[in-house]
2 protein chains.
Amino acid sequence: MSEPMTLAEKVFTELTTAIVRGELRPGDRLSEQTLVERYGGSRAPMREAIQRLEARNLVKRVPHAGARVVSLTTTELRDIYEVRLELECMACRLAATRMTDDEIQELYALLKEHEDSIAAEQGLAYYQKAGDLDFHYRIIKGSKNSRLYQMLCGDLYHIVRMYRYQTSTSSKRPPQALQEHKRIVEAIAARDAELAELLMRRHIQTSITNLETRLAEEEGRQ
Amino acid sequence: MSEPMTLAEKVFTELTTAIVRGELRPGDRLSEQTLVERYGGSRAPMREAIQRLEARNLVKRVPHAGARVVSLTTTELRDIYEVRLELECMACRLAATRMTDDEIQELYALLKEHEDSIAAEQGLAYYQKAGDLDFHYRIIKGSKNSRLYQMLCGDLYHIVRMYRYQTSTSSKRPPQALQEHKRIVEAIAARDAELAELLMRRHIQTSITNLETRLAEEEGRQ
DNA sequence: ACGTTAAGGATTGTAGACAATCTTATGTCT
DNA sequence: AGACATAAGATTGTCTACAATCCTTAACGT
């Protein structure tokens, strides 16, 4: 029932997924006329959709010159990951004191699920990634900080996805990641905020270095 | 030369200052027609201006129902200050390792200026507040993290200002704040990132409690 | 051959009108 | 009197057209 009621919003979500999936590459131009031909309707809603993309930093608009999908420099990407690291650690710290016991139980259930999927090898890379995202999502929610949620899941999430989607998860990572997740949940259950934050920091940092080495490999291959 | 070249941008900046200054109170309605009558032009640019305000979380828009200046609940305000505290501490930590020696010298110069203005009593509350903002601004810039700057100075800044502008700075605070600023700069100059972060955290936390007590007083008076 | 400049085309910014939706006020019923 | 349904009014969402600006291409001069 939460279908986009307005055309502008519809086009906005379509474009968002297109960008995140890489169907629209960084640097690609978004002309209003092209969008009209692709999605139908008039220029006004397309214009509004583009503007909302700009608000989420998915496209960059230059007055009188049009909009392009953002193409981040290495330092800009570093900046984003730096902020994301800090905010998620903060979320984990807050979650340790603010999550309800029920929510913590749900975290345990999620871990169990994840564990089974790894043992059964049923979980392919994509599914495991979804599980990982779900884990982080719940902890962010558990911080009970609306603005924090908005920043991490609304703004930063898409950008991070956009530059991570194409890269496949490494094969050996999931079991180790699961162990890290377990320890984090235990720290939260023990209401040890500082430990939970520390573990989350370590967890994300290793996943970042993992990503960096993989990006470096791809860079070298080309 | 950075004059807004487009009408939409012009209206956007006008409305931003109007909201921050409190000329537009939280909950006030922003009808496109009203803006046309006030600023001239057509509905299209007004619409775009409103949309950009929404992107900065200064107004909230409901489809087919119009836009209103955001009116934050107490918990939402707490959430914002929580995030702002964390991000500024992060900025301070990064600044301690990334600021150039020249930039640190400029910080010292700013402190001196500030000190003189207090001694001469020439600085009224408004001027002192500007000095305080300048101090924080430079440290954020010194973090050399573009996204961090964007979040703190672009998004959170206006909201915080909006709920702080009306309240006058307490009389005894400036000298103490200056001392805290001095220590922070010294920590940065010593390249002691952790200390700088700690001092900044303490500094902001006291200013927050200061604000809260003053808000409580105003609340009680009404 | 290269840089500069001017005209043409394409794209964005703005304007005004119509259609769809919500809000408000009125009237009716219980 | 209060709650609910209905209709008028107002507001937003969308469409089309026009003006302003930018980008491209081609011509020109050095």
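Numbers restart at 1 for each chain; the letters A, B, ... are given by sequence-line order, proteins then strands.
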Original post:
Just to confirm, is there a sub-4.0 Å distance from OP1 or OP2 of D/dG13 to any side-chain nitrogen or oxygen of B/R47?
Top reply: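 Looking at the OP1 and OP2 atoms of D/dG13, one of them is under 4.0 Å from a side-chain N or O of B/R47.
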
Original post:
Within less than 4.0 Å of OP1 or OP2 of C/dT23, is there a side-chain N or O belonging to B/R29?
Top reply: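 B/R29 to C/dT23 OP1/OP2: no side-chain N or O under 4.0 Å.
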
**OP:** Report which part of the nucleic acid A/E48 touches: base, sugar-phosphate, or nothing (heavy-atom distance under 4.0 Å, all strands).
**Re:**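 Touches nothing.
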
Original post:
Checking all strands, does B/I50 fall into the base, sugar-phosphate, or nothing category for heavy-atom contacts under 4.0 angstrom?
Top reply: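 No contact.
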
Subject >> Test: A/K10 cationic atom under 6.0 Å from A/Y39 six-membered ring centre, within 45° of axis >> reply: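 Because its charged atom misses either the 6.0 Å distance or the 45° angle limit, A/K10 does not stack over A/Y39.
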
Where the side chain of [X] is concerned, which of [options] is the nearest nucleotide?
X     : options                : value
B/P45 : D/dT14, C/dA15, C/dT12 : C/dA15
B/T6  : C/dT12, D/dT12, C/dG13 : C/dG13
A/R61 : C/dG13, D/dG13, C/dA15 : C/dG13

**OP:** For the residue pair B/H181 and B/D132, confirm or rule out a side-chain donor-acceptor distance under 3.5 Å.
**Re:**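 On atom types as modelled, these side chains qualify, holding a pair under 3.5 Å.
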
Euclidean distance, atom [atom1] of residue [X] to atom [atom2] of [N] [Å, nearest integer]:
X     : N      : atom1 : atom2 : answer
B/H64 : D/dG13 : NE2   : P     : 6 Å
B/R43 : C/dA19 : CZ    : C1'   : 12 Å
B/L7  : C/dT12 : CG    : P     : 19 Å
A/Y39 : D/dT14 : OH    : P     : 15 Å
B/E32 : C/dC22 : CD    : C1'   : 14 Å
A/M46 : D/dG13 : CE    : C1'   : 12 Å
B/L35 : C/dT14 : CG    : C1'   : 16 Å
B/Q33 : C/dT21 : CD    : P     : 21 Å

Original post:
Is a side-chain N or O of B/R98 found less than 3.5 angstrom from the main chain of B/S143, in a donor-acceptor match?
Top reply: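 Judged by distance alone, yes, a pair lies under 3.5 Å.
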
Original post:
Okay, side chain of B/R191, backbone of B/A96: is any donor-acceptor separation there less than 3.5 Å?
Top reply: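 Yes, B/R191 side chain to B/A96 backbone: donor-acceptor pair under 3.5 Å.
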
**OP:** State, with a plain yes or no, whether a side-chain heavy atom of A/M90 is found less than 4.5 Å away from one of B/E86.
**Re:**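 In contact.
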
Original post:
When the nearest nucleotide of DNA chain D is assigned to A/S42 and to A/A65 on a heavy-atom basis, which residue is associated with the more 5' position?
Top reply: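 It is A/S42, whose closest nucleotide lies nearer the 5' terminus.
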
